[in-house]
Q: 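Following this message is one structure expressed as structure tokens.
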Number of protein chains: 2
Amino acid sequence: MTALQELREFIEKGYLTHRPHVTVDCAIFGYHDGELKLLLVKNKVFTKWCLPGGFVRNDEGLDQAAARLTAERTGIENLFLKQFKTFGDPLRNDNNTFDPEKFFELTGLRIGENSWLAGKNVTVGFYAISDIIQAMPRPDFLSSECRWFSVDNLPELGFDHEEMVGEALTTMRIHLYHFPIGKNLLPEKFTLKEIKLFYEVMSGKTLHASNFPSKLISLGLIVKTDEKRSIGAHRAPLYYTFDEAVYESALKEGLVLV
Amino acid sequence: MTALQELREFIEKGYLTHRPHVTVDCAIFGYHDGELKLLLVKNKVFTKWCLPGGFVRNDEGLDQAAARLTAERTGIENLFLKQFKTFGDPLRNDNNTFDPEKFFELTGLRIGENSWLAGKNVTVGFYAISDIIQAMPRPDFLSSECRWFSVDNLPELGFDHEEMVGEALTTMRIHLYHFPIGKNLLPEKFTLKEIKLFYEVMSGKTLHASNFPSKLISLGLIVKTDEKRSIGAHRAPLYYTFDEAVYESALKEGLVLV
DNA sequence: ATTTATTTACTAAAATTTAGTAAATATAAA
DNA sequence: TTTATATTTACTAAATTTTAGTAAATAAAT
């Protein structure tokens, strides 16, 4: 079956396999070298950049749908996604994001008002924190471009995705103080200065150079290694690493990071 | 149009006005005299007690739907409802909650597998905190019984509503420490002992008899009045009341209650 | 050997939390 | 009228945590 045939099938019969009016969208935050970024996709038939997402199948849960769609739209697998809020305002789609002429031009199809794709959608928002890696959509007919944007400098977003990003960021920053993050985002071994910078970027706040790291140490979340990094004409900082057991239990039990 | 006709219309044509596969459910917690309760409904065609809820219309937002359905199912209007989580496991409805024979007996209808009502639902969970008032469903054909249950002694619940109640309670108890509650639940004027008991019941924890109230006072959230209550052969406690301005700003800005 | 930039340990002060005791006082009993 | 009692609530001291800043350590360049 060609990509176009697959698409026609989905547009005409998708309601047999998917839940009409139910989508998920994912705000994937990325950290690299002191910058906080967001992964966006640009579908050929959407006029604006959007969060990656799509329709939920009948036979999958929301978490599964979020993981599947993220992989399809961005090529990134095995992301840890966390639900933050569901959006269902009846006007949320009326933002001139979908371009029906472009859609017709590319597919020869029109989406009538009786199509299962028409009408008001509810979307379940998920967020994730990821290392900044190569993102690459899986090829399909309307295959989207995707890349990272600095959260301080986002393009105009489609649908109600600007509101969604705001809510995702707020939720993520609250969770930041209750659950450990950083594994897989920081290198295996890192200096105290690096983890402090990481938390500063994620939280958007300034932290104390020694008090914040020593809080992490006193919680047992990070521990010294016996390696140092050489960084030129300065005292060589020690490498630290996450304590696996404490980290895992903090993920379950939560913690308080002021 | 009779109630039965209305019901038939909904079952056959409801997809024209409602979003298939999208429902909301509301966990309404109530406080009265030191007890935490939950409002449940018992629909004639459901075998178990459930959270009040139902399908979302095309022309309404999720918040509106939650408010409308709560009013329809329980008779309670103007509740402040807060979204906590959305549930979409494909097996969440397979709990023998719906009784198709009873449904046929009452309506003469069967819901075929092609009905817009069949298939997997996603439900958006809302919670609310309410004073315990008279609850009374609006009369309709499958009109449900509804009443308060102590959260320590709930009946078996339909669908995945037991999981939902657990999540609602957890979320509510986290919010308890970040947002003020109590207005409209406590009387206009209350003693320090009463508000301490209120927070103990809501949080499920024991609080210090003087430290907890003095925290509330030092935050400015509650203030002394010059009235006392007479309670027999003991020192008469002073009445306190919420400071309107501080309460409202804390609702917006949040606060930290230990 | 000295200088320099940076990491990180340490300390003192401030603030908050915790636990417990004492004071206040309305009514009942003597 | 005085004393006893139960309960509310103010107060205090100790413990803990947070905050801010300084000092010590040190790798490498000069």
Side-chain angles (χ1 to χ4, degrees), chain A residues 33-34 176-178 182 186-201 203-243 246 250 253-258, chain B residues 33-34 176-178 182 186-201 203 205-243 246 250 254-258:
Chain A
D33 274 351
L176 196 58
Y177 291 93
H178 295 286
L186 290 168
E188 173 76 22
K189 289 169 185 181
F190 45 83
T191 68
L192 295 184
K193 190 163 205 187
E194 284 172 334
I195 195 171
K196 169 186 168 269
L197 174 62
F198 171 71
Y199 267 92
E200 284 183 329
V201 170
S203 71
K205 290 181 182 171
T206 306
L207 299 167
H208 190 279
S210 65
N211 291 340
F212 181 74
S214 69
K215 178 87 189 185
L216 296 177
I217 294 167
S218 75
L219 286 169
L221 200 62
I222 61 174
V223 290
K224 252 179 216 176
T225 68
D226 46 13
E227 287 175 67
K228 291 176 184 183
R229 159 179 310 172
S230 180
I231 49 160
H234 318 293
R235 171 178 178 183
L238 269 178
Y239 274 123
Y240 282 73
T241 189
F242 286 106
D243 181 302
V246 176
E253 313 294 333
L255 47 75
V256 178
L257 258 186
V258 176
Chain B
D33 275 352
L176 197 57
Y177 289 94
H178 295 285
L186 290 169
E188 174 75 22
K189 291 168 182 180
F190 45 83
T191 67
L192 295 183
K193 190 161 205 187
E194 283 172 335
I195 195 170
K196 169 186 169 269
L197 174 63
F198 171 71
Y199 267 92
E200 284 183 328
V201 170
S203 71
K205 289 181 184 171
T206 305
L207 299 167
H208 191 277
S210 66
N211 291 338
F212 180 75
S214 69
K215 178 87 190 184
L216 296 177
I217 294 167
S218 75
L219 287 170
L221 200 63
I222 62 175
V223 290
K224 252 181 214 172
T225 68
D226 46 14
E227 288 176 65
K228 293 174 180 181
R229 161 180 305 173
S230 178
I231 48 161
H234 320 295
R235 172 180 177 180
L238 270 180
Y239 275 123
Y240 283 72
T241 189
F242 286 107
D243 181 302
V246 176
L255 48 73
V256 178
L257 258 186
V258 175

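Below, each value reflects all heavy atoms present in this structure, side chains not excepted, and no hydrogens, waters or symmetry copies. Each chain gets a letter, A, B and so on, in the order its sequence line appears, and its residues count up from 1.
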Q: Take the protein atom CZ of A:Phe212 and the nucleotide atom C1' of D:dA20, then report the distance between them rounded to whole Å.
A: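 Answer to the nearest Å: 17 Å.
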Q: How many angstroms lie between atom OG1 of A:Thr241 and atom CD1 of A:Ile195, to the nearest 0.5 angstrom?
A: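 Separation between the atoms: 9.5 Å.
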Q: What heavy-atom pair brings A:Phe190 and A:Ile222 nearest, and what distance separates the two atoms?
A: CZ-CG2, 3.9 Å
Q: Could you check how far CG of B:Leu192 sits from P of D:dA10, rounded to whole Å?
A: 7 Å
Q: Quickly work out the B:Glu227 CD to D:dT8 C1' distance and round it to whole Å.
A: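 Distance check: B:Glu227 CD to D:dT8 C1' gives 17 Å.
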Q: B:Ser210 versus B:His208: any side-chain heavy-atom pair under 4.5 Å?
A: yes
Q: When all nucleic acid strands are considered with a 4.0 Å heavy-atom cut-off, which category describes B:Lys196: base, sugar-phosphate, or nothing?
A: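 The residue B:Lys196 makes no contact with any strand.
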Q: With a 4.0 Å cut-off on heavy atoms, is A:Tyr240 in touch with a base, just the backbone sugar-phosphate, or nothing at all?
A: sugar-phosphate
Q: Please round to the nearest 0.5 Å and tell me the distance separating atom CG of B:Leu197 and atom CG of B:Leu186.
A: 9.0 Å
Q: Figure out the CG/P separation between B:Leu207 and C:dA19, and round it to whole Å.
A: 12 Å
Q: Can you check whether A:Lys215 has a side-chain N or O nearer than 4.0 Å to OP1 or OP2 of D:dT18?
A: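 Checking D:dT18 against A:Lys215, a side-chain N or O does come within under 4.0 Å of OP1 or OP2.
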Q: Can you check the B:Lys224 NZ to C:dA24 P distance for me, whole Å?
A: 13 Å
Q: For nucleotides 21-30 of chain D, read 5' to 3', which letter fits each nucleotide if B means a protein heavy atom sits under 4.0 Å from the base, S means only the sugar-phosphate is that close, and - means neither?
A: B--BBBBS--
Q: How many whole angstroms separate atom CD1 of B:Ile222 from atom C1' of D:dT9?
A: 12 Å
Q: Are A:Tyr240 and A:Leu216 close enough that some pair of their side-chain heavy atoms sits under 4.5 Å apart?
A: no
Q: Starting at CG of B:Leu207, measure out to NZ of B:Lys215 and round the result to the nearest 0.5 Å.
A: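 Atom-to-atom, B:Leu207:CG and B:Lys215:NZ are 12.5 Å apart.
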Q: Closest heavy-atom contact between A:Phe242 and A:Gly182?
A: CE1-C, 3.7 Å
Q: In whole Å, what is the span from the CD1 atom of A:Ile195 to the C1' atom of C:dT7?
A: 15 Å
Q: Of the options C:dT6, D:dT9, D:dT8, whose atoms approach the side-chain atoms of B:Lys193 most closely?
A: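 Closest of the options to the side chain of B:Lys193: D:dT8.
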Q: Between A:Leu219 (CG) and D:dT17 (P), how many Å, whole number?
A: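 That distance rounds to 10 Å.
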